[in-house]
Amino acid sequence: MHKNSAAIRFDEVTLGYGRRPAVHHLDGEIASGSLTAIVGPNGAGKSTLLKGIVGTLRPLEGRIDLTGAAGAPIAYLPQAAEIDRSFPLSVYDLVAMGLWSRAGLFGGIGAKNRTRVEQALASVGLIGFERRPISTLSGGQMQRALFARLLLQDSPVILLDEPFTAIDAKTTADLLDVVRRWHAESRTVVAVLHDLDTVKRVFPQTLLIAREPVAWGETQEVLSPENLLRARRMVEAYDPHAAPCERGAA
Ligand SMILES: Nc1ncnc2c1ncn2[C@@H]1O[C@H](COP(=O)(O)OP(=O)(O)OP(=O)(O)O)[C@@H](O)[C@H]1O
């Protein structure tokens with residue numbers, strides 16, 4: 001994990017569905033070891049951008065280079081609504097899945113890795129929950145389990161999509177400690193967030209988007225009232241029936 005170099009580089013990226021762009025004209029880079037919030041109104045393209053970085057959505061134009069990850073898989077936490085909790089899995093097994101990239105699916109996990117699973121469970125306050133089916137967890141307990149799984153993935157790049165939405169203050173504070181720990185370990189962390197107080201308190205860098213970048217840089221400067229108003233107006237003014245890309249078509 002090299003500081004001061006780019007972990008993720010965007011080169012005139014357009015991402016979308018069909019031919020319809022959801023995020024366009026994104027150019028720039030996320031520094032290795034940085035802690036970045038992505039903020040913007042509903043429908044601004046924040047989740048789309050994470051899907052582009054993780055590779056589940058291919059850019060319609062431009063390219064995204066994962067220069068800092070050195071081939072290591074990205075750790076990605078999707079929005080809670082996208083996670084199937086009906087799957088019959090214990091908390092222990094869900095968390096141990098974070099080891100798959102190392103141990104292999106059928107590799108068995110051994111005594112050393114069992115200790116690592118227990119340490120991850122302890123880090124998120126879930127000791128005693130090991131045998132609980134995930135379907136019986138509260139929303140906050142499930143999010144703790146998913147953070148424990150991310151801990152075990154041990155990835156240099158971690159993407160979080162609205163990790164604290166509908167999560168209470170205590171759980172949010174505990175999970176923010178995990179985020180701070182990743183940052184102290186020089187991992188690159190990118191999180192989509194709606195709570196601007198949390199962003200201002202914890203995230204030094206912010207990308208404000210409204211289907212295209214509005215501002216990107218130091219959080220205090222990016223989250224100015226003028227920029228936030230501009231972002232809201234840009235999303236409100238968006239015409240879903242407009243030509244696929246106005247700038248490209250101009
Ligand atoms: N699978 C899809 N197919 C078609 N359009 C989609 C799809 N997913 C998202 N979109 C559209 O792309 C745009 C950006 O959506 P996205 O979910 O990235 O926004 P967001 O900023 O994460 O919003 P929110 O804050 O509400 O979660 C929206 O207009 C949305 O309707």
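Both ligands and their constituent atoms are indexed starting at 1 by order of listing. Along the sequence shown, residues carry numbers from 1.
- Distances between N or O atoms of Gly43 and those of ligand 1 include at least one value under 3.5 Å.
- For the pair Arg131 and Tyr92, the cation sits on the ring face: its NZ or CZ lies under 6.0 Å from the ring centre, inside 45° of the axis.
- Of the protein's heavy atoms, Asn42 ND2, 3.6 Å lies nearest to atom 24 (P) of ligand 1.
- Between Gly45 and ligand 1, a contact under 3.5 Å exists for at least one N or O pair.
- Contact check for Ile209 versus Lys46: side-chain heavy atoms found under the 4.5 Å cut-off.
- When atom types are taken as modelled, the side chain of Thr56 and the backbone of Gly52 share no donor-acceptor pair closer than 3.5 angstrom.
- Ligand 1 has no atom lying under 4.0 Å from any heavy atom of Arg20.
- Of the charged side-chain nitrogens involved, none lies within less than 4.0 Å of a carboxylate oxygen, so that Glu226 and Arg230 do not count as a salt-bridged pair.
- The shortest separation from a heavy atom of Gly18 to ligand 1 is not under 4.0 Å, leaving the residue out of contact.
- The nearest protein atom to atom 15 (O) of ligand 1, hydrogens excluded, is given as Thr48 OG1, 3.7 Å; this is a heavy-atom distance.
- Of the protein's heavy atoms, Lys46 NZ, 2.7 Å lies nearest to atom 25 (O) of ligand 1.
- Counting only heavy atoms, the protein gets under 4.0 Å from atom 28 (C) of ligand 1.
- Look at Arg63 and Asp65 and you find a salt bridge, because one of the NZ, NE, NH1 or NH2 atoms lies within 4.0 Å of a carboxylate O, short of that distance.
- By the criterion of a heavy-atom distance under 4.0 Å, the side chain of Gln79, and not its backbone, is placed next to ligand 1.
- Using a cut-off of 4.0 Å between Lys/Arg side-chain N and Asp/Glu carboxylate O, Asp93 and Arg149 are scored as not salt-bridged.
- Contact annotation: for Ala22 versus ligand 1, heavy atoms closer than 4.0 Å belong to the side chain alone.
- Among all non-hydrogen protein atoms, the one lying nearest atom 8 (N) of ligand 1 is Tyr17 CZ, 3.2 Å.
- Looking at Lys51 and Glu82, a side-chain N of the basic residue comes within less than 4.0 Å of a carboxylate O on the acidic one, giving a salt bridge.
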> Step by step, would you call Ser90 with Arg132 a side chain to side chain donor-acceptor pair (under 3.5 Å)?
Replying inline: CA-CA 5 Å; Ser90 68; Arg132 280 276 290 274; over 6 Å; no
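- Shortest contact from atom 17 (O) of ligand 1 to any protein heavy atom: Ser47 CB, 3.8 Å.
- Proximity of a side-chain donor or acceptor of Arg144 to a complementary backbone N or O of Gly125 within less than 3.5 Å is not detected.
- Shown in contact with His194 at under 4.0 Å from a heavy atom are these atoms of ligand 1, numbered in order with element: 25 (O).
- Contact atoms of ligand 1 toward Pro41: 21 (O) (distance under 4.0 Å to a heavy atom of the residue).
- With respect to atom 30 (C) of ligand 1, the closest heavy atom belonging to the protein is Arg211 NH2, 4.8 Å.
- Between Leu66 and the choices Thr188, Ile74, Val54, Val157, the side chain to side chain contact (heavy atoms under 4.5 Å, CB included) rule is met once, by Ile74.
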